[in-house]
Student: 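Dumping the structure here so I can ask a few things about it.
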Amino acid sequence: MNPQERYPSRQIVSLDGLWDFARTDPKKDIDSLDLRSVQFEETINVPGCFDMLPSLIGWRGGVLYRRKIKVPPGARARLCFGGLSIWGKVFADGVKVGDQRKPYSTFCCDLPVSEREERSLVVYVDNRFDGERCPLVQPYHDYYLYGGIIRSVSLQLLPESFVENIRVFATDYESGRVKVTVSVAGKRPERNKIFYAFDDAQIESVDSEMTDGILSFEATVPRFKVWSPDSPNLHTLRLIFGPDESNVSFGIRRVETKENQIVLNGSSIKLLGVNRHEAHPTFGAAVPLQQQIADLQLLKDLGCNFIRGSHYPQDEDFLELCDRMGFLVWEESVGWGQTAEHFRNEDYCNLNLAQTREMIEGHWNHPCIIMWGFQNESESHLDSADSHYNDLLTLCRDLDDSRLVVSATNKGMQDRFLDQVDVVCLNLYPGWYSPADDFRPDRIDAIVPEIREMIQKIHAQGRNDRPFVISEIGAGAIYGFRDPICGMWTEEYQAEYLSQVCEEILENDDVAGVGLWQFCDCRTYNGCEALKRPRSFNNKGNLDEYRRPKLAYPAVKRIWNPDPS
Ligand code: ADA
């Protein structure tokens with residue numbers, strides 16, 4: 001749903017397209033830069049990644065995007081950004097109106113009311129790592145952080161009283177009962193009357209009590225159909241509050257755990273899927289819609305029902321596609337190998353919590369999302385993690401107790417939160433990483449025994465009271481590198497590796513699912529770690545970065561989708 005379909009009564013202008021562009025002097029800080037002195041001599045596209053264009057390829061620094069916008073004099077206007085990377089600031093007529101320190105997060109900035117119709121909009125975006133300004137990300141994260149306004153931007157005119165957020169929560173998937181909560185802002189109307197309609201049913205009305213700016217009511221969706229990966233049925237709620245009209249797409253389904261199973265709409269389901277980065281060698285993190293659809297078609301063909309959106313909040317369009325095409329999604333906030341130092345840093349913790357909160361509140365109507373995640377492979381074995389992890393767990397549960405809360409760990413049974421998450425999620429790389437770099441072809445035989453050994457440890461610690469998902473597992477292969485000796489980095493080794501893993505997951509009832517690492521190759525950094533990352537890519541994709549299949553692709557498909565219809 002585009003913003004105009006979502007808010008049909010608001011005047012909305014897409015700001016996607018061409019903007020004026022200038023790079024800034026690396027010696028000058030944005031806070032001391034006189035914006036009026038900047039010469040905008042270049043042109044850039046929004047959304048996009050400036051550091052993927054030939055003129056700035058690989059460059060790190062601060063850039064300015066500029067364009068004019070028209071706002072009727074005296075109108076209340078809001079800028080809505082789908083996300084930028086790494087951090088930035090927004091200026092309207094030279095005045096700062098926004099500060100974004102959470103890469104990949106959606107954010108809005110309200111413009112000061114003005115009598116002038118033509119306004120100047122400038123967005124500063126910086127792709128340099130800056131521990132003070134953006135402590136959420138570090139250069140050791142194993143994925144390339146691109147720079148730019150990576151997702152769509154729009155300008156919305158807001159009425160006097162308006163809807164900020166709507167949540168449609170299916171309280172009972174068997175009767176189609178939903179609870180709708182509506183947070184409103186702006187001028188308080190005299191009556192809290194809401195008009196609403198599901199799909200093409202007739203309009204109903206309800207008078208609701210307002211508590212802390214939130215209205216709520218319950219209703220039953222007429223002729224409802226349950227959502228599942230096989231039948232991704234969606235419904236629409238049309239809601240009118242005062243002068244403001246909104247449309248929300250939602251699905252009716254229930255996800256829960258029963259003992260060591262993940263249960264969807266009353267039946268256990270095994271998660272068969274991949275980890276996916278939002279990345280492409282040409283477009284960086286601004287993956288076009290057609291490529292997103294192509295990715296999902298490839299995943300259907302592979303027999304997947306599950307995607308872990310590693311390692312950041314996902315693009316709204318991508319989630320809508322997953323709703324429509326029937327994928328189960330794990331969405332997580334930014335966090336990769338965070339250390340005790342981060343957990344001691346109040347600013348870091350607050351930003352991580354804020355990003356997690358915004359992700360949940362922004363995406364909770366997507367039926368595809370079944371899990372909220374945070375803190376991939378962080379120092380979860382140390383007691384210094386307790387306070388922040390507990391804050392994250394509490395936040396996720398307080399905001400949305402209808403989904404599973406997870407965190408992918410590489411600390412095995414040392415992770416201190418295995419009895420607090422809903423699913424034990426371990427990142428395992430048997431037969432790939434090992435303390436000794438002694439590659440032996442028979443190493444492949446160790447994969448299944450190592451998975452089973454881990455399951456025994458889970459049982460021994462009594463953690464089998466909940467599901468176990470292998471949140472990452474995989475091996476690297478360079479596209480086109482084939483060799484009958486089947487050594488590391490060959491397509492043959494990877495194909496054999498993943499065949500063993502995929503068969504084991506299908507057959508082993510102690511495993512509730514898997515996220516293969518990873519869907520396709522993606523760029524990472526070219527520092528000293530690059531020695532373990534040939535080409536500066538993480539090469540563990542089933543497909544290469546251009547989505548060309550390696551031998552692993554048909555190998556996985558043969559097991560997960562042997563008889564495509
Ligand atoms: C980790 C990490 C991934 C990726 C992977 C790998 O488990 O979570 O982002 O870096 O390892 O390829 O080694």
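Numbering of residues begins at 1 and proceeds along the displayed sequence. Indexing begins at 1, ligand by ligand and atom by atom, following the structure's order.
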Student: Distance under 6.0 Å and angle within 45° of the ring axis: does Arg548 meet both against Tyr546?
Tutor: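 Relative to the ring axis of Tyr546, which defines the angle, Arg548 lies outside at least one limit.
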Student: Strictly by salt bridge (Lys or Arg N to Asp or Glu O under 4.0 Å), give each pair with a member in residues 381-397 just once, sequence neighbours left out.
Tutor: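 Found Asp386-Arg416, Arg397-Asp422.
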Student: Taking any residue with a non-hydrogen atom under 4.0 angstrom from an atom of ligand 1, which ones do you get?
Tutor: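 Residue list for ligand 1: Asp142, His311, Trp336, Asn376, Glu377, Asn427, Tyr429, Tyr433, Glu472, Trp517, Arg533, Asn538, Lys540.
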Student: Partners of Phe81 by ring-ring contact (aromatic ring centres under 6.0 Å, His included), sequence neighbours excluded?
Tutor: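 So Phe81 forms a ring-ring contact (aromatic ring centres under 6.0 Å, His included) with Phe107.
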Student: Honestly, is Lys300 close enough over Phe327, meaning NZ or CZ under 6.0 Å from the six-membered ring centre and within 45° of the axis?
Tutor: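 Yes, cation above the ring, under 6.0 Å and within 45°.
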Student: Of all residues at least two apart in sequence or in a different chain, which pass the ring-ring contact (aromatic ring centres under 6.0 Å, His included) check with Tyr104?
Tutor: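 In terms of ring-ring contact (aromatic ring centres under 6.0 Å, His included), with neighbours along the sequence ignored, Tyr104 is linked to Tyr312.
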Student: When you measure from the centre of the six-membered ring of Phe50, is the NZ or CZ of Arg23 under 6.0 Å away and within 45° of the axis?
Tutor: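 Arg23 over Phe50 ring: no.
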